[in-house]
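Handing you a structure now.
Just follow the structure's listing: the first ligand is 1, and inside any ligand the first atom is 1.
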Amino acid sequence: MTSPLSNFSLDMFSLTGKVAIVTGGATGLGQAYAVALAKAGADLFVVTHGTSWEETRGLIEKEGCRAEFFQADLANREAHKEIIAKCLEVYGKVDILVNNAGTIRRAPLLEYKAEDWDAVMELNLNSLYFLSQEAAKVMVEQKSGKIINIASMLSFQGGKFVPPYTASKHAVAGVTKAFANELAQYGVQINAIAPGYVETANTAPILEDQERKKEITSRIPTGRWATPADLMGAVVFLASPASDYINGHVLAVDGGWLAR
Ligand code: NAP
């Protein structure tokens, strides 16, 4: 008699034949997610805003995968339907969506401008919600799909000088659970990754402030900041069949920051 345990195989981590959309996928963490998914075998549909995509194309094609790019401002609500329609036109399906694009604007709470609040919430929360909704329509029809939202340590903590960033990232964790609850029955899993402190454009102002950088580093149990490469394993896992029974989870990849 064959044991059901024999069905498990490392092939469950493979993404060969899958199609993945990554927003903000030509720079920083998004580029690392796109390359990780390509290394696992997925073809990519990368959404960019301003960054040139030639370097990212080279990195994806080096893995033997197809790379298509689409320029869009995710703050424009017309863009969400267009992205999914274009991906369907090019590839005929959407297996994975990584909602990575995000922004941060820093100012003291009492001086925080309404337009900055709106801009951060529009990109970090509203665009993630509406793009996920469009992707989910396709995934429910397919009866399979993975949505991976990018949360933050500020999905759990308050932070300072970034009120809408904190509000939006707390909401990302909530939306992840709300989507997961409704869509699990269709074979669609929605989870999130909460990166710790990673060296990218997003954190450049902190990295330039030696004192602040030192203060943060000293609180990280691993004793170092992450690089985008530290996040690559988590995105492949959550995009792959190996995580099919994981729903609505926010996976911290933080060098132990939250465990302190
Ligand atoms: P980043 O280098 O600043 O990346 C931001 C990305 O968002 C870029 O790829 C950018 O695209 C895209 N983007 C910005 N505005 C957009 C718009 N209006 N429409 C479409 N795309 C837009 O920073 P990052 O650190 O890689 O951040 C990626 C994600 O990780 C964000 O959600 C961030 O909150 C999250 N995160 C970062 C850290 C960290 O320590 N770095 C920690 C936790 C969470 P273009 O380059 O094409 O303009």
Side-chain angles (χ1 to χ4, degrees), residues 21-36 44-57 69-80 82-83 97-106 115-116 118-132 147-157 159 162 164-173 175-176 192-209 212-213 216-217 219-220 222 224-232 234-235 250-255 257-258:
I21 299 176
V22 180
T23 66
T27 186
L29 281 164
Q31 187 186 52
Y33 299 135
V35 173
L44 267 298
F45 188 89
V46 177
V47 179
T48 69
H49 184 223
T51 297
S52 136
W53 56 65
E54 283 322 307
E55 182 189 69
T56 309
R57 180 190 294 286
F69 293 84
F70 189 82
Q71 189 170 19
D73 178 359
L74 287 165
N76 169 6
R77 296 206 185 169
E78 299 299 311
H80 311 130
E82 285 172 21
I83 289 165
L97 166 64
V98 182
N99 282 307
N100 165 76
T103 191
I104 192 161
R105 295 189 183 188
R106 295 180 174 84
E115 70 233 42
D116 289 330
D118 288 343
V120 173
M121 294 303 276
E122 191 59 38
L123 183 64
N124 293 9
L125 178 60
N126 297 344
S127 83
L128 175 145
Y129 172 82
F130 288 114
L131 185 59
S132 295
I147 298 177
I148 301 159
N149 295 324
I150 303 307
S152 162
M153 292 298 96
L154 297 191
S155 298
F156 307 97
Q157 301 175 313
V162 288
Y165 188 83
T166 302
S168 67
K169 294 296 185 177
H170 270 67
V172 166
V175 163
T176 299
I193 294 173
Y197 284 86
V198 193
E199 294 178 14
T200 66
N202 173 297
T203 48
I206 305 180
L207 287 163
E208 281 159 21
D209 180 344
R212 180 90 178 102
K213 185 187 171 191
I216 289 169
T217 309
R219 194 194 176 283
I220 304 172
T222 50
R224 68 169 178 88
W225 284 47
T227 69
D230 287 307
L231 279 295
M232 292 169 85
V235 79
V250 183
L251 176 61
V253 182
D254 64 350
W257 175 273
L258 289 179

Asn124 side chain vs Thr103 backbone, donor-acceptor pair below 3.5 Å: yes

Contacting atoms of ligand 1, where contact means under 4.0 angstrom from a heavy atom of Asp73: 17 (C), 18 (N), 19 (N)

Protein contact to atom 43 (C) of ligand 1 [nearest heavy atom, distance to 0.1 Å]: Pro195 O, 3.5 Å

Residue Gly50 vicinity, atoms of ligand 1 by number, heavy atom under 4.0 Å: 45 (P), 47 (O), 48 (O)

Which residue and heavy atom of the protein sit nearest atom 25 (O) of ligand 1, plus the separation: Thr200 OG1, 2.5 Å

Residue pairs, two or more places apart or on separate chains, that pass salt bridge (charged side-chain N to carboxylate O under 4.0 Å, His left out) and touch residues 193-202: none

Heavy atom of Ala226, distance to ligand 1 below 4.0 Å: no

Phe70 CZ to Phe45 CZ distance, which is reported to the nearest 0.5 Å: 5.5 Å

Test item: His49 side-chain N/O and Ala72 main-chain N/O as donor-acceptor pair under 3.5 Å: no

N or O pair under 3.5 Å between Gly24 and ligand 1: yes

Donor-acceptor pair, side chain of Ser168 and main chain of Met121, under 3.5 angstrom: no

Interatomic distance, Leu44 atom CG to Phe69 atom CZ [nearest 0.5 angstrom]: 7.5 Å

Protein heavy atom at shortest distance from atom 14 (C) of ligand 1: Leu123 CD2, 3.8 Å

Protein residue, atom and distance nearest to atom 22 (C) of ligand 1, heavy-atom basis: His49 CB, 3.6 Å

Atoms in ligand 1 flagged as close to Ala72, the criterion being non-hydrogen separation under 4.0 Å: 19 (N), 20 (C)

Ile150, Asn100, Asp254, Val253 screened by side chain to side chain contact (heavy atoms under 4.5 Å, CB included) with Pro195, the one that passes: Ile150

Protein heavy atom at shortest distance from atom 37 (C) of ligand 1: Leu29 CD1, 3.6 Å

Ligand 1-proximal atoms of Ala151, by part, heavy-atom distance under 4.0 Å: backbone

Under 4.0 Å to a heavy atom of Gly196 - the qualifying atoms of ligand 1, by number: 40 (O), 42 (C), 43 (C)

N or O contact, Gly28 vs ligand 1, cut-off under 3.5 Å: no

Ligand 1 atoms in contact with Thr203 (distance to a heavy atom under 4.0 Å): 39 (C), 40 (O), 41 (N)

Ligand 1-proximal atoms of Asn100, by part, heavy-atom distance under 4.0 Å: both

Residue and atom name of the nearest protein heavy atom (relative to atom 2 (O) of ligand 1), distance in Å to one decimal: Ala201 CB, 3.7 Å

Side-chain donor or acceptor of Thr200 paired with backbone N/O of Leu29 under 3.5 Å: no

Atoms of ligand 1, numbered as shown, that sit under 4.0 Å from any heavy atom of Gly102: 5 (C), 7 (O), 31 (C), 32 (O)

Non-hydrogen atom of Lys169 closer than 4.0 Å to ligand 1: yes

OH-CG distance between Tyr165 and Leu154, expressed to the nearest 0.5 angstrom: 6.5 Å

Atom 46 (O) of ligand 1 - nearest protein heavy atom and its distance: Thr51 OG1, 2.5 Å

Donor-acceptor under 3.5 Å (Asp209 side chain, Ile206 main chain): no

Ala26 N/O under 3.5 Å from ligand 1 N/O: no

Reported CG-to-CG distance for the pair Leu123 and Asn76, which is rounded to 0.5 angstrom: 12.0 Å

Listed partners of Arg77 passing side chain to side chain donor-acceptor pair (under 3.5 Å), at least two apart: Glu122

Subset of ligand 1 atoms that lie under 4.0 Å from at least one heavy atom of Ile150: 30 (O), 35 (C)

Approximate separation, where rounding is to 0.5 Å, of Leu258 CG and Ile220 CD1: 11.0 Å

Per atom 23 (O) of ligand 1, closest listed option by heavy atom (Asn124, Asn202, Val253): Asn202

Option with minimal heavy-atom separation from atom 33 (C) of ligand 1, where the choices are Tyr165, Trp225, Tyr197: Tyr165

Short N or O distance, Thr48 and ligand 1, threshold 3.5 Å exclusive: no

Sub-3.5 Å N/O-N/O distance, Val198 and ligand 1: yes

Closest protein heavy atom (residue, atom, distance) for atom 4 (O) of ligand 1: Thr27 CG2, 4.1 Å

Distance, nearest 0.5 Å, that separates CG of Leu125 from NE2 of His170: 13.0 Å

Verdict with reasoning, Arg219 to Tyr197, per side-chain contact (heavy atoms from CB on, under 4.5 Å): CA-CA 11 Å; Arg219 194 194 176 283; Tyr197 284 86; over 6 Å; no

